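Before any comments, here is the structure.
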Amino acid sequence: MGEIDNMKTKYRFDEYEVGIIINALIELRNQLIREGRYTDAVDELLIKLCR
């Protein structure tokens, strides 16, 4: 694996920004469900954001 694969970046978002991101991810998740596609990646992001 390359060096980029092991890099982690942390971002700081305020409460308003987190709300926007969560709503966008929920909309994406709903769209994927309607299309019969997997939502695993979106689910993982939602869990990380809601911690």
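Computed from a prediction, not measured in an experiment: that's the story for all the values here.
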Hey, what do you get for [atom1] ([X]) to [atom2] ([Y]), rounding to the nearest 0.5 Å?
X: L45; Y: I22; atom1: CG; atom2: CD1; answer: 11.0 Å
X: I21; Y: I26; atom1: CD1; atom2: CD1; answer: 12.0 Å
X: E44; Y: T39; atom1: CD; atom2: OG1; answer: 10.0 Å

Practice item. State plainly whether one hydrophobic cluster holds both I33 and V42, where clusters connect Ile, Leu, Val, Met, Phe, Trp and Tyr through side-chain heavy atoms under 4.5 angstrom apart. Key: no

Exercise for review: Answer with yes or no whether the hydrophobic clustering places I47 together with Y11; edges join I, L, V, M, F, W, Y residues whose side-chain heavy atoms lie under 4.5 Å apart.
Suggested key: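 No, I47 does not connect to Y11 through the hydrophobic network.
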
Practice item. May I ask you to decide if L32's main-chain N or O and E35's side chain share a donor-acceptor pair within less than 3.5 Å? Key: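 Here the side-chain-to-backbone pair does not exist.
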
Review point. Which atom names give the shortest non-hydrogen contact between R12 and E17, and what distance separates them?
Key: O-OE1, 4.4 Å

Point to revise | CA sep, side-chain torsions, deciding dist, call: R29, L25, side chain to side chain contact (heavy atoms under 4.5 Å, CB included) | key: CA-CA 6 Å; R29 185 176 187 279; L25 287 171; over 6 Å; no

